[in-house]
Amino acid sequence: MLKQQLSFKLSQKLSPQQIQLMKMIQLPTQAFEQRISQELEENPALEGGKEESENFDDEFSNDEFDDNYDEGNEVIETDINVDDYLSDDEVPSYKLSANNYSADDEERQMPYAAGTSFTQHLMQQLSTYRLDEEEKEIAEFLVGSVDESGYIRRELQEIVDDLAFTQNVYTTEDKVEKVLKIVQELDPAGVAARDLQECLLLQLERREHTPPVALAIEIIEDSFDHFSKKHYKKLIQKFDITEDQLRDAIHEIEGLNPKPGGTYSGNTRMVEHVVPDFAIKIIDGELDLTLNGRNAPELHVSHDYTNMLKGYKESKDKSKAQKDAVMFIKQKLDAAKWFIDAIKQRQQTLFVTMNAIMHHQEEYFLSGDERKLKPMILKDIADKINMDVSTVSRVANSKYVDTPYGTKLIKDFFSESMKNDQGEDVSTKEIKKILEITISEENKRKPLTDDKLAKILLEKGYPIARRTIAKYREQLDLPVARLRKEI
């Protein structure tokens with residue numbers, strides 16, 4: 001039997017200007033300044049600085065020119081489907097990842113001083129070794145295979161094959177391994193290792209062979225698995241040593257660098273510069289919110305352009321060329337006026353949204369205690385300020401606030417709620433903070449398992465399942481009890 005179904009979908013339509021406004025709201029301070037610079041370059045009718053006393057805002061209306069010049073200039077108004085433009089906002093949640101740039105803004109790197117790359121640093125050292133032509137080619141190929149952490153994560157046979165196919169160097173695994181030993185003598189210590197175990201051994205071998213270092217080499221070489229899993233009792237039994245001797249050896253190992261490539265000062269990296277969009281201060285026991293002044297630029301409509309319109313209005317002979325020019329001027333003036341209004345709306349939206357967040361989390365901002373953070377989802381704030389949830393999301397996901405306790409990403413103040421044993425809603429942030437404190441205060445010789453942590457939180461009034469404890473612990477980047485053990 002053939003069934004017919006009729007489905008209806010309510011599709012929200014937004015004008016291009018509304019879409020542009022939402023994108024501007026999403027921009028953090030630095031990207032917003034770039035957007036203003038771009039607009040000033042593209043629209044000569046928009047100028048920066050203070051406006052003179054004359055006001056031309058309403059002196060000329062579109063109607064005056066539309067009546068005289070409508071031939072060949074039909075304006076077709078089309079609605080834009082929000083789904084086509086805002087697909088990245090389908091899940092307006094504090095859970096979405098964000099950095100200090102909007103999703104719509106192209107990635108920009110901060111400039112950095114030119115310097116020697118990590119690879120060049122290794123190549124320079126290689127030039128001091130006496131190598132024959134084949135060894136030199138193999139060594140340079142190996143250096144080129146070192147990743148940014150300082151490792152060569154490829155099998156020797158793969159390297160042998162690549163040397164043959166790309167360099168016309170036909171060699172053997174033994175020869176490559178021999179040259180690899182030379183490359184591993186380069187600085188920093190541990191470079192060109194094939195795994196963590198080899199990286200640690202290369203560093204230990206360069207140290208003075210004191211008893212703790214000698215024991216550390218034995219442990220890494222013969223019992224790396226026991227060491228990595230912190231099976232200290234098995235290590236004590238195997239090497240017939242005391243706890244103090246093991247502790248000294250572990251101290252030597254902990255001083256090593258697991259990523260030798262990462263410490264090279266010439267290794268150029270992008271440094272993220274965060275500019276707070278808001279600042280919250282405590283003045284006489286009250287919270288004071290300010291919007292970064294860079295979000296409120298002084299812009300005005302060009303008087304030269306409005307004077308051009310005045311000249312056209314007073315002119316008796318209106319040629320087609322003049323009409324074409326005046327339509328261009330009108331378009332630029334309308335765009336400039338809209339942009340200035342959009343900036344004001346952006347300022348108001350940002351301030352109103354952050355103000356609602358600040359008052360919702362007043363206890364936290366007055367104390368700095370993360371356990372005072374209340375449950376808060378986007379809808380809570382959207383309902384308070386009578387705005388759409390997606391608007392609050394744009395403010396929360398990409399903006400930072402300077403507080404007495406450091407610069408914070410606004411979305412981090414949002415969290416879901418759970419019930420405590422009193423039936424009260426508490427923030428999952430509060431529970432995570434208590435979990436973090438409990439783990440930091442544990443006896444590291446006998447770390448608390450997830451089951452024990454669940455029991456402790458239950459005693460504190462938080463009935464949390466063991467699997468939830470495990471999830472929160474992982475979110476806090478805290479290892480399992482066995483890996484937190486110290487001797």
Side-chain angles (χ1 to χ4, degrees), residues 117-129 131 134-163 167 169 171-232 234-235 238-239 241 245-267 479 482-483 487:
S117 73
F118 183 42
T119 302
Q120 289 172 329
H121 174 65
L122 296 175
M123 289 292 191
Q124 287 171 359
Q125 296 177 68
L126 204 58
S127 65
T128 65
Y129 284 76
L131 303 171
E134 182 187 14
E135 288 173 337
K136 185 180 178 184
E137 289 191 68
I138 294 171
E140 289 179 351
F141 190 84
L142 288 171
V143 166
S145 299
V146 174
D147 66 19
E148 61 181 13
S149 296
Y151 288 80
I152 292 179
R153 303 182 191 273
R154 304 182 65 201
E155 295 295 332
L156 290 184
Q157 186 56 54
E158 288 181 29
I159 293 174
V160 170
D161 293 341
D162 277 357
L163 280 165
Q167 310 296 317
V169 175
T171 185
T172 63
E173 282 190 49
D174 289 341
K175 187 65 179 285
V176 171
E177 186 153 18
K178 178 187 171 185
V179 177
L180 177 62
K181 296 299 180 187
I182 297 171
V183 174
Q184 289 176 342
E185 293 175 12
L186 304 178
D187 288 325
V191 73
R194 286 162 287 183
D195 53 39
L196 178 60
Q197 183 180 15
E198 186 175 36
C199 179
L200 299 179
L201 280 172
L202 288 170
Q203 294 177 61
L204 287 168
E205 289 290 354
R206 292 201 196 183
R207 294 194 173 188
E208 182 185 351
H209 280 211
T210 60
V213 171
L215 177 57
I217 291 173
E218 280 191 84
I219 290 172
I220 297 299
E221 204 163 33
D222 301 331
S223 298
F224 185 69
D225 191 51
H226 287 333
F227 167 75
S228 61
K229 292 178 179 176
K230 296 197 174 184
H231 290 160
Y232 295 140
K234 291 183 180 179
L235 291 174
K238 179 172 181 176
F239 295 100
I241 53 176
Q245 288 175 311
L246 179 59
R247 188 181 294 110
D248 291 342
I250 289 173
H251 179 71
E252 292 290 341
I253 296 169
E254 288 175 342
L256 305 176
N257 185 359
K259 292 184 179 181
T263 58
Y264 176 60
S265 59
N267 196 11
R482 176 170 48 79
L483 297 181
I487 189 168

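On a predicted model such as this, the values are computed, not experimentally measured, just so you know.
- For the pair Val183/Leu122, no side-chain contact is recorded, criterion being any heavy-atom separation below 4.5 Å from C-beta on.
- Using a 4.5 Å cut-off on side-chain heavy atoms (C-beta onward), Glu135 and Lys178 make contact.
- Shown here is His209, whose NE2 atom has more than 12 heavy atoms of other residues, nucleotides or ligands within 6.0 Å.
- Residues forming a side chain to side chain contact (heavy atoms under 4.5 Å, CB included) with Leu196 (at least two apart in sequence, or on another chain): Tyr151, Leu200, Phe224, Pro258.
- Between Ile152 and the options Ile159, Asp147, Val191, a side chain to side chain contact (heavy atoms under 4.5 Å, CB included) holds for only Ile159.
- Side-chain contact between Phe239 and Gln245: absent, with no pair of heavy atoms (C-beta onward) separated by less than 4.5 Å.
- Between Arg206 and Asp187 there is a salt bridge, since a side-chain N of the basic residue sits under 4.0 Å from a carboxylate O of the acidic one.
- Evaluation of the side chain to side chain donor-acceptor pair (under 3.5 Å) test over residues 193-205, restricted to residues two or more places apart or in two chains, returns Gln184-Glu198, Arg194-Glu198.
- Checked against salt bridge (Lys or Arg N to Asp or Glu O under 4.0 Å), Glu208 has no partners two or more places apart in sequence or in another chain.
- Between atom CD1 of residue Ile253 and atom CD1 of residue Ile220 there is a gap of 4.0 Å, rounded to the nearest 0.5 Å.
- Summarising the geometry, atom CD belonging to Glu155 is positioned 11.5 Å from atom CG belonging to Asp161; distances are rounded to the nearest 0.5 Å.
- A side chain to side chain donor-acceptor pair (under 3.5 Å) check over residues 214-223, counting only residues at least two apart or in different chains, returns the pairs Ser223-Lys238.
- Rounded to the nearest 0.5 Å, atoms CG (Leu126) and NZ (Lys136) are 8.5 Å apart.
- Partners of Glu134 under the side chain to side chain contact (heavy atoms under 4.5 Å, CB included) rule, at least two apart in sequence or in another chain, are Asp132, Ile138, Val169, Thr171, Lys175.
- Put simply, the side chain of Leu142 does not reach to within 4.5 Å of the side chain of Glu140, judged on heavy atoms.
- Judged purely by atom type and a 3.5 angstrom limit, Thr128 has no side-chain atom pairing as donor or acceptor with the backbone of Gln124.
- Interatomic distance, OG1 of Thr210 versus CG of Asp248, reported as 9.0 Å (0.5 Å rounding).
- Looking at residues two or more places apart in sequence or on another chain, you find a side chain to side chain contact (heavy atoms under 4.5 Å, CB included) between Val160 and Gln157, Glu173, Val176.
- Residue Asp162 holds its CG atom at 4.5 Å from CZ of Phe141, rounded to the nearest 0.5 Å.
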